[in-house]
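Working notes, beginning with the structure itself.
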Amino acid sequence: MRRQQLDIQLKTPEQIDRMRAAGLVVADALARMRAAIAPGVSTADLDAIAAETIRDAGAVPSFKGYHGYPATICSSVNEQVVHAIPAAGQVLRDGDVISVDCGAVLDGWHGDAAFTAPVGEVRPELLRMITVAQDALWAGIAAAARGAVSGRGRLTDISYAVERAIRAGGRYGIVEGYGGHGIGTEMHQDPHVLNYGRPGKGPRLVPGMALAIEPMITEGSARTDELADGWTVVTRDGSMAVHVEHSMALLPDGVWVLTEPDGGRSRLGDLVTARQPANSRR
Ligand code: MF3
Ligand code: CO
């Protein structure tokens, strides 16, 4: 059996500090967009907020121009799963759920993260689905941290932890064909990180790895289609979808969730590296 040759870029602690700076720009953009989400707001309005936040920080939107992508964010509403292009005519309505994905590059280093939020009042099942996706994201990050610190972790331990958390949360479709990825001096690097699978396979989890983890789940079938715009991914059955993402880096003593202001401390406690100051809450 031949092993797949992967080109995994390992980062020094100093390079991870620079990725942290990029991650905080993304976190700031996401926080500002989250605060603006309300019925009547358009996805183009959110895109403008992100563009301004990133520019004011001296960074550059990484999605814009990526294989010709025309915007700063992906704003995927309801049955849209990922990669939906913001539009002035796409106005949020009470009861929608919106996934906002944003990336920025600062001094050559990338950050990439996404959240899903309700618009106004939504069905409780949808709030629950958002929570399950978030829990799965944090379970994947925790698995990565444990694997790096023990020295015995492998890449698909993350995939397994994500899948397990989703299945523990309920009957959801786990989207195939899209997943997480290495991140660093490019937005997308090796390795690809599936959101499902058996543990103990793939490259070892080692300090210096930086990965974006991004569970995508649906209320119905996992099947998706890409629309004629060449970007928007929708559920084939029209069911609602959720997408959340963080960029994180592995250090010898734990993980650093680069796109979370507290570095992951409130969710992960001691699994977070001491490089993230314990009293830093930003
Ligand atoms: N965050 C997305 C990902 O991780 C990137 C969006 S694709 C783009 O794959 F084209 F919009 F950049
Ligand atoms: Co990503």
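Counting from 1, the numbers follow the sequence of the chain as shown.
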- Message: Other residues, nucleotides and ligands only: do more than 12 of their heavy atoms fall within 6.0 Å of CG on D270?
- Response: no
- Item | Euclidean distance, H83 NE2 relative to L227 CG, rounded to 0.5 Å | 12.5 Å
- With side chains defined as the heavy atoms from C-beta onward, is the minimum distance between E260 and Q276 less than 4.5 Å? no
- Query: What heavy-atom pair brings A88 and A44 nearest, and what distance separates the two atoms?
  - Reply: N-CB, 3.4 Å
- Task: Determine, using the 4.5 Å side-chain heavy-atom cutoff (strictly less than), whether M248 and L10 are members of one ILVMFWY cluster.
- Result: yes
- Side chain of T218, backbone of A241: donor and acceptor closer than 3.5 Å? no
- Message: Using ring centroids (six-membered ring only for Trp), state whether Y178 and H243 fall under 6.0 Å.
- Response: no
- Is there a side-chain contact between T235 and V81, using heavy atoms and a 4.5 Å cut-off? yes
- If we only count heavy atoms from C-beta on, is the L46 to I37 side-chain gap below 4.5 Å? yes
- Query: Which pair of non-hydrogen atoms, one from S159 and one from L194, has the smallest distance, and what is that distance?
  - Reply: OG-O, 2.8 Å
- Would you check if the side chain of R154 reaches a backbone N or O of G202 as a donor-acceptor pair within less than 3.5 Å? yes
- Item | Worked check of salt bridge (Lys or Arg N to Asp or Glu O under 4.0 Å) between R152 and D157 | CA-CA 10 Å; R152 286 193 296 273; D157 297 351; over 6 Å; no
- Decide yes or no on side-chain contact (heavy atoms from CB on, under 4.5 Å) for L106 and R18, but give the supporting numbers first. CA-CA 8 Å; L106 180 65; R18 297 171 70 175; over 6 Å; no
- Message: For a 4.5 angstrom cut-off between non-hydrogen side-chain atoms, does H246 reach W138?
- Response: yes
- Roughly how far, to the nearest 0.5 Å, is CZ of R167 from OH of Y196? 10.5 Å
- Determine whether I16 and M209 fall in the same hydrophobic cluster, where Ile, Leu, Val, Met, Phe, Trp and Tyr are linked whenever their side-chain heavy atoms lie under 4.5 Å apart. no
- Task: Give the C-alpha distance, both sets of side-chain angles, the deciding distance and a yes or no for side-chain contact (heavy atoms from CB on, under 4.5 Å) between E219 and L126.
- Result: CA-CA 8 Å; E219 247 188 328; L126 292 173; 3.7 Å; yes
- Query: Counting heavy atoms not belonging to R223, are there more than 12 under 6.0 Å from its CZ?
  - Reply: no
- Task: Using side-chain hydrogen bond (donor to acceptor under 3.5 Å, both in side chains) as the criterion, point out the one residue from Q189, E214, H192, E186 that pairs with H181.
- Result: E214
- Query: What is the minimum heavy-atom distance between V162 and N195, and which atoms define it?
  - Reply: CG1-O, 3.7 Å
- Message: Could you measure the distance from the CD1 atom of I213 to the CG atom of L137? Nearest 0.5 Å is fine.
- Response: 7.5 Å
- Task: Nearest 0.5 Å please: distance from the CH2 atom of W109 over to the CD atom of Q15.
- Result: 4.0 Å
- Item | D45 side chain to S42 side chain, donor-acceptor N/O pair below 3.5 angstrom | yes
- Do side-chain atoms of D112 reach the backbone of G103 as a donor and acceptor pair under 3.5 angstrom? no
- Could you state whether I183 and V193 fall into the same hydrophobic cluster, counting links through intermediate Ile, Leu, Val, Met, Phe, Trp or Tyr residues with side-chain heavy atoms under 4.5 angstrom apart? no
- Message: Could you tell me if the side chain of M19 sits less than 4.5 Å from the side chain of W256, heavy atoms only?
- Response: no
- Task: Check whether any side-chain heavy atom of E245 lies under 4.5 Å from a side-chain heavy atom of D101, and answer yes or no.
- Result: yes
- Message: Within the 4.5 Å heavy-atom criterion, are V97 and N78 side-chain neighbours or not?
- Response: yes
- Message: Using a 3.5 Å distance criterion without hydrogens, assess whether the side chain of D225 forms a donor-acceptor pair with backbone atoms of R236.
- Response: no
- Item | Side-chain donor or acceptor of T156 paired with backbone N/O of R198 under 3.5 Å | yes
- Considering non-hydrogen atoms only, spot the tightest contact between A87 and T43 and give its length. N-OG1, 2.9 Å
- Query: With hydrophobic residues grouped by side-chain heavy-atom distances under 4.5 Å, do L211 and Y160 end up in a single group?
  - Reply: no
- N/O donor-acceptor pair under 3.5 Å between S247 side chain and A212 backbone: no
- Query: So do V77 and V119 actually touch side chain to side chain, heavy atoms under 4.5 Å?
  - Reply: no
- Query: Quick one: NZ on K11 to CG on L250, what's the gap to the nearest 0.5 Å?
  - Reply: 10.0 Å
- Task: Look up atom OG1 in T12 and atom CG in L251, then write down how far apart they are to the nearest 0.5 Å.
- Result: 9.5 Å
- For atom CD of E125, is the number of surrounding heavy atoms from other residues, nucleotides or ligands below 6.0 Å larger than 12? yes
- Message: For W231 and C74: C-alpha separation, side-chain torsions, deciding distance, then whether side-chain contact (heavy atoms from CB on, under 4.5 Å) applies.
- Response: CA-CA 10 Å; W231 287 103; C74 302; over 6 Å; no
- Begin from the C-alpha positions of R275 and E14 and carry the test salt bridge (Lys or Arg N to Asp or Glu O under 4.0 Å) through to its verdict. CA-CA 10 Å; R275 206 167 178 89; E14 289 67 32; 3.8 Å; yes
- Is a side-chain N or O of D47 found less than 3.5 angstrom from the main chain of P86, in a donor-acceptor match? no
- Message: Check for me, please, whether Y66 and V100 land in the same ILVMFWY cluster - side-chain distances under 4.5 Å, paths through other members count.
- Response: no
- Message: Could you report the tightest heavy-atom contact between C102 and A29, atom names first, then the distance?
- Response: SG-CB, 4.2 Å
- Atom of L92, atom of A38 and distance for their closest heavy-atom approach: CB-O, 3.7 Å
- Using distance alone, with no hydrogens and no angle criterion, decide if Q80 and Q90 have a side-chain donor and acceptor under 3.5 Å apart. yes
